[in-house]
Every structure is written in structure tokens, then in C-alpha cells.
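Owing to the predicted nature of the structure, the values given are computational and were not obtained by experimental measurement.
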Amino acid sequence: MNDSSIKKTKKLRPNIIDLLIVVVVLGAVIGIALRMGIVEKVITSSSVEPARISFLVQDINSDSYNYFNAGDVFYSDTHKCYFGTLEEKPYDLPAEMYIAGADGTLIKSYSPTDPDDPTKSSRIDVRGKILSSGVFSSEGFLLGGTTYIAPGSKITVESKNITVSITVTDIERINPTE
């Protein structure tokens with residue numbers, strides 16, 4: 001037998017090392033896809049629904065109210081995601097305060113008025129609604145399909161004008177044609 005006959009009879013035969021290399025490469029690709037959230041985004045993108053998130057910003061300077069405008073886009077830096085768009089100009093109320101009385105009962109009070117304008121409080125609470133999208137589930141709401149929020153959640157959000165800590169007060173499904 002010469003060398004040419006040996007080359008003709010030798011065929012491609014995978015061995016265990018080749019199989020291990022293929023498994024490692026596939027594992028790496030799947031790991032990268034999961035780490036980047038590609039699989040999660042593909043799975044949840046079909047069930048993302050529009051939502052209206054009601055919020056409360058407590059005890060801020062009354063001048064800060066001017067930085068809330070309809071159409072402002074808010075992001076959550078903490079969760080690294082788009083939070084939503086302010087539906088309309090929110091309304092403000094004097095900041096509520098609770099003081100313990102001598103007998104231990106709580107007495108509701110409001111922020112003192114501004115000395116320059118007695119009709120206006122120096123500290124206010126702001127209530128409004130943000131249009132957003134996410135996935136509704138039995139456990140709650142996944143903002144953008146990835147971040148869990150629920151009424152009572154405190155989240156720091158920012159727009160081009162202001163950064164505030166909000167408390168989510170309600171999350172409701174909305175009809176996309178609204």
C-alpha cells in the first residue's frame with residue numbers, strides 16, 4: 001500500500017474532542033444570548049402592552065413643578081430602561097406631613113405656605129400619569145418586559161429637565177386606540 005491509497009481510504013471521522021469543541025462553542029453562544037437578554041426580549045416582545053402608570057412625587061420644592069411638562073420622556077437610570085412619557089401636566093398639592101400628637105395619634109398637616117406668596121406652599125406633592133409599556137402578569141407588571149414594578153414601588157426617574165424619586169400608585173392597562 002502506498003501513500004495515495006491510504007489517503008483515499010481515510011474518511012472524515014469525528015472524535016470525542018471534536019464533539020466537545022462543538023458543545024463548548026454552542027454553550028458559549030447560548031450563554032452570550034442569555035446574558036444579553038436576547039432570548040427574553042424575543043419571548044416577551046409579543047406580549048408587551050401599553051399601560052398608564054400613576055405616580056406620586058412627595059415633598060419637593062414648589063419651583064420644581066415647572067419642570068414637569070406633558071410629553072416629557074422619563075428614563076430609569078437604576079433599571080437602565082425607558083420608563084415612559086408624561087401624559088399631561090401633573091397637578092400639585094401642598095405637601096402632606098404627619099405629626100404625632102401628645103397622645104400618640106397622628107395629625108395630618110400640610111407644608112407651610114411660601115412667605116413670598118401666601119397662596120402657595122413652599123413644598124408640594126405632585127401626582128400624574130405616565131404612558132408606558134410592559135408585560136402584565138399575575139405577579140405584577142414588567143416594565144418594558146424586564147423590570148418588575150408594582151403599586152408602592154419607589155423608582156428614581158429622570159427627564160431632560162428633572163430627576164425625581166417617584167412612588168408608583170397604580171398601573172392600568174390601556175386600550176392602544178386611546
| Which heavy-atom pair separates Ser165 from Val57 by the least distance, and what is that distance? | O-CG1, 4.0 Å
| About how many Å separate CZ of Phe136 and CZ of Phe141, when rounded to the nearest 0.5 Å? | 5.0 Å
| said: For a quick test of reading the model, state the closest non-hydrogen atom pair linking Thr147 to Cys81 and the distance between them. | reply: OG1-SG, 4.1 Å
| query | Of the non-hydrogen atoms in Ala70 and Glu88, which two are nearest, and what is the gap between them? | reply | CB-CA, 3.7 Å
| Could you state the interatomic distance from CZ (Arg52) to CD1 (Ile130), rounded to the nearest 0.5 Å? | 12.0 Å
| task | Verify the neighbour count for atom OH of Tyr65: are there more than 12 heavy atoms of other residues, nucleotides or ligands below 6.0 Å? | result | yes
| said: We want to know whether Ser159 and Asn161 form a side-chain donor-acceptor pair, criterion being a heavy-atom distance below 3.5 angstrom. | reply: no
| If every non-hydrogen atom of Val73 is compared with every non-hydrogen atom of Tyr82, which pair is closest and at what distance? | CG1-CE1, 3.5 Å
| query | Which heavy atom in Gly128 sits nearest to a heavy atom in Pro90, and how many Å separate them? | reply | CA-CB, 3.8 Å
| query | Any chain of hydrophobic side-chain contacts (each under 4.5 Å) joining Val157 to Ile162? | reply | yes
| query | Take atom CD1 in Ile16; do more than 12 heavy atoms of anything else shown fall under 6.0 Å from it? | reply | no
| query | Where do Val168 and Ala150 come nearest, in terms of heavy atoms and distance? | reply | CB-O, 3.6 Å
| message | Between Ser76 (side chain only) and Phe83 (backbone N and O only), is there a donor and an acceptor less than 3.5 Å apart? | response | no
| Any Asp77 side-chain heavy atom under 4.5 Å of Tyr75 side chain | no
| note | Rounding to 0.5 Å, atoms CG (Leu142) and CD (Glu49) come to a distance of 11.5 Å
| query | Looking at CD of Glu87 and CD1 of Ile174, how far apart are the two atoms once the value is rounded to the nearest 0.5 Å? | reply | 7.0 Å
| query | Do Thr169 and Pro151 come within less than 4.5 Å of each other through their side chains, counting heavy atoms only? | reply | no
| said: Using side-chain contact (heavy atoms from CB on, under 4.5 Å), reason through Val164 and Phe68 one step at a time and then give a plain yes or no. | reply: CA-CA 11 Å; Val164 291; Phe68 289 94; 4.1 Å; yes
| field | Partner of Ile53 by side-chain contact (heavy atoms from CB on, under 4.5 Å), out of Ile155, Leu143, Leu131 | value | Leu143
| query | When rounded to the nearest 0.5 angstrom, what distance separates CG in Asp125 from CD in Gln58? | reply | 5.5 Å
| field | More than 12 heavy atoms of other groups within 6.0 Å of Leu19 CG | value | yes
| task | Walk me through it: do Leu86 and Phe55 pass the test side-chain contact (heavy atoms from CB on, under 4.5 Å)? | result | CA-CA 10 Å; Leu86 193 59; Phe55 68 90; 3.7 Å; yes
| field | Rounded distance (nearest 0.5 Å) linking atom CD1 of Ile124 with atom CG of Asn61 | value | 8.0 Å
